[in-house]
S.K.: 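Can you keep this structure in mind? I'll have questions shortly.
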Amino acid sequence: MHFQLTEDQRALRDGTRELLAGRFGRDRLRAAVCDPALDRALWQELGAAGFFALRLPEEAGGVGLGLPEAVLVHEEAGRALLPGPLVACQLLAGAVDGVASGEKIVGLCEGEREPVLWEHPADCDELILVEGGAGRSAHGSGGEAGGGPGGARGRTGGAYRLAPDQVACAPFASVDPLTPLAQVTDLPRTGPLPLDVPRLRREATLLTAAQQLGSAARTVEMVVRHAREREQFGAPVGSFQAVKHLCAQMLVRTEMARSAVYAASVTESALGVTAAKLLADEAAVDNARDCLQVHGGMGFTWEADVHLHLKRAWLRAARWEVAREAEELLAAGLIA
């Protein structure tokens, strides 16, 4: 089995990077820090480019690609720190009208996690609540359809479709200035939606891991550039052994996570996805910390972008199989 990218996959990755560099460069990123409201024009441009309809069949107006390609575009989104419920919109493009084209923005919420957090609540046109379908039983189920035709709750979970005015929220401080949050305090279980909840959870976990991978790779690029340009005692700081070690460790973490994420996108193994998320979270968080360390005092400043990667990595690490859950699932898989 070959895990090297095909020519078409490389073209997709490069095209996505070019699109995001042109429409969400550093100036736009810094502007979004001060005003985190999502750019509807950009969202529709992403829809027109096939970002959300990537995995829909061509006869349904989609691009007809698969999970490995979805991983590549989310990796690029993570590299650019593109904000918004990107994972939710891609996974729900076939379930909610208007999402595939970018005309509608939909959020995705884990109902059993405490606290229940909703990303970009002011920008979302709808909220999808998922419950159940996680943990050891879901991993052993092979991804059976969750909730049945009515989205009713059961062993494999359920999903519910809600309008924003149906959801009671309270303010919640977000560590990431690009990702406003609200704490959901009351969720009516109305509007059942027929979704394969275990599969949705698994794919949301993997696409979030892909975003973490993109951020980890970007911090490697940032630290290498800084280590080459910054001089101390008449020499680039990258010539110092301690800095070399930090940079090498960052690269190793990134490539380990890349191998796991890419492999899981091909095999779609539940435990493979869990391992990929664990490694990608570690790479994104620890790389951002080491990148900040190499930048020294300037790395702590608001003007530097390093802290934005660290804050986004912390936020994503708390979504879709956090470290303690992943470790328990992998341990159970080893002794099963």
Side-chain angles (χ1 to χ4, degrees), residues 8-9 12-13 15-16 19-20 23-24 38-78 80 82-111 118-121 123-130 133 143 145-147 149 151 157-164 179 191-211 214 261 264-265 268 273 316 319-320:
D8 288 343
Q9 287 172 332
L12 174 66
R13 178 197 61 193
T16 303
L19 171 64
L20 295 180
R23 291 292 284 109
F24 197 76
L38 297 180
D39 183 346
R40 289 277 179 165
L42 172 59
W43 210 260
Q44 291 177 12
E45 190 170 344
L46 291 173
F51 191 102
F52 306 120
L54 192 72
R55 298 173 60 207
L56 294 181
E58 293 183 37
E59 55 269 23
V63 184
L65 297 178
L67 191 56
E69 289 76 21
V71 160
L72 291 177
V73 298
H74 278 81
E75 180 183 348
E76 291 304 315
L82 184 66
L86 300 164
V87 171
C89 286
Q90 185 165 112
L91 294 179
L92 297 166
V96 180
D97 292 340
V99 172
S101 64
E103 296 174 7
K104 184 177 285 189
I105 299 175
V106 63
L108 189 59
C109 205
E110 297 178 87
W118 181 7
E119 296 183 8
H120 295 273
D123 295 298
C124 289
D125 301 299
E126 293 191 28
L127 176 65
I128 306 301
L129 168 72
V130 294
Y160 305 89
R161 182 175 179 175
L162 304 165
T179 309
L193 191 64
L195 290 176
D196 184 339
V197 174
R199 184 182 184 88
L200 183 145
R201 282 184 173 277
R202 192 163 61 247
E203 293 179 352
T205 300
L206 182 60
L207 295 182
T208 303
Q211 292 181 325
V261 171
S265 74
E268 298 190 43
V273 169
R316 290 197 196 107
R319 296 296 310 275
W320 307 110

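These numbers come from the heavy atoms of this one structure, side chains and all, not from hydrogens, waters or symmetry mates. Nothing fancy with the numbering, it's 1 onward along the sequence.
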S.K.: Any ion pair linking R199 and E268 (charged N to carboxylate O, less than 4.0 Å)?
M.R.: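 The answer is yes: the pair qualifies as a salt bridge.
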S.K.: Can you tell which of L67, V73, V273 makes a side chain to side chain contact (heavy atoms under 4.5 Å, CB included) with L207?
M.R.: L67
S.K.: Which heavy atom in L56 sits nearest to a heavy atom in A100, and how many Å separate them?
M.R.: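 So the two residues come closest at CD1-CB, 3.9 Å.
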S.K.: Taking side chain as C-beta onward, heavy atoms only, is P85 less than 4.5 Å from D123?
M.R.: no
S.K.: Once you round to the nearest 0.5 Å, how far does OG1 of T179 lie from NE2 of H120?
M.R.: 4.5 Å
S.K.: Do E126 and L92 touch side chain to side chain, with heavy atoms closer than 4.5 Å?
M.R.: no
S.K.: State, to 0.1 Å, how close A159 and V130 come at their nearest heavy-atom pair, and which atoms those are.
M.R.: CB-CG1, 4.1 Å
S.K.: Taking atom CG of L127 and atom CG of L108, what is their separation to the nearest 0.5 Å?
M.R.: 8.0 Å
S.K.: What distance do I105 atom CD1 and W43 atom CH2 have between them, rounded to the nearest 0.5 Å?
M.R.: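 One gets 5.5 Å once the value is rounded to the nearest 0.5 Å.
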S.K.: Which heavy-atom pair separates V71 from S265 by the least distance, and what is that distance?
M.R.: CG2-CB, 3.7 Å
S.K.: Just so I know, are the side chains of L19 and E45 near enough to count as touching, which here means a heavy-atom distance under 4.5 Å?
M.R.: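 Of all side-chain heavy-atom pairs linking E45 with L19, at least one is under 4.5 Å.
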S.K.: Which heavy atom in W118 sits nearest to a heavy atom in G107, and how many Å separate them?
M.R.: NE1-CA, 4.2 Å
S.K.: Would you check if T205 and R202 make a side-chain contact, meaning some heavy-atom pair closer than 4.5 Å?
M.R.: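 Of all side-chain heavy-atom pairs linking R202 with T205, none is under 4.5 Å.
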S.K.: Mind listing the closest non-hydrogen atom pair of A77 and F51 along with its distance?
M.R.: CB-CZ, 4.3 Å
S.K.: Should I128 and L200 count as side-chain neighbours, where that means a heavy-atom distance under 4.5 Å?
M.R.: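 I128 vs L200: side chains apart.
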S.K.: If I compare all heavy atoms of V63 with all of E58, which pair ends up nearest, and what's the gap?
M.R.: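 It is O-CG, 3.7 Å.
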S.K.: Given the rule in the side-chain hydrogen bond (donor to acceptor under 3.5 Å, both in side chains) test, do Q44 and E103 qualify, once you have shown the distances and angles that lead to the verdict?
M.R.: CA-CA 6 Å; Q44 291 177 12; E103 296 174 7; over 6 Å; no
S.K.: Apply side-chain contact (heavy atoms from CB on, under 4.5 Å) to D39 and R23, showing your working.
M.R.: CA-CA 10 Å; D39 183 346; R23 291 292 284 109; 4.0 Å; yes
S.K.: Flag the pair Q211 / L82 as yes when at least one side-chain heavy-atom distance between them is below 4.5 Å, and no otherwise.
M.R.: no
S.K.: Mind checking the CG-CG spacing from L20 to L42? Nearest 0.5 Å is all I need.
M.R.: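 Going from CG on L20 over to CG on L42, the span is 7.5 Å.
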S.K.: Enter the distance from D125:CG to K104:NZ here, rounded to the nearest 0.5 Å.
M.R.: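 Result: 6.5 Å between the selected atoms.
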S.K.: Do NZ/NE/NH1/NH2 and the carboxylate oxygens of R319 and E110 come within less than 4.0 Å?
M.R.: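 Yes, charged N to carboxylate O under 4.0 Å.
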S.K.: Any chance you could measure L72, atom CG, to D8, atom CG, to the nearest 0.5 Å?
M.R.: 11.5 Å
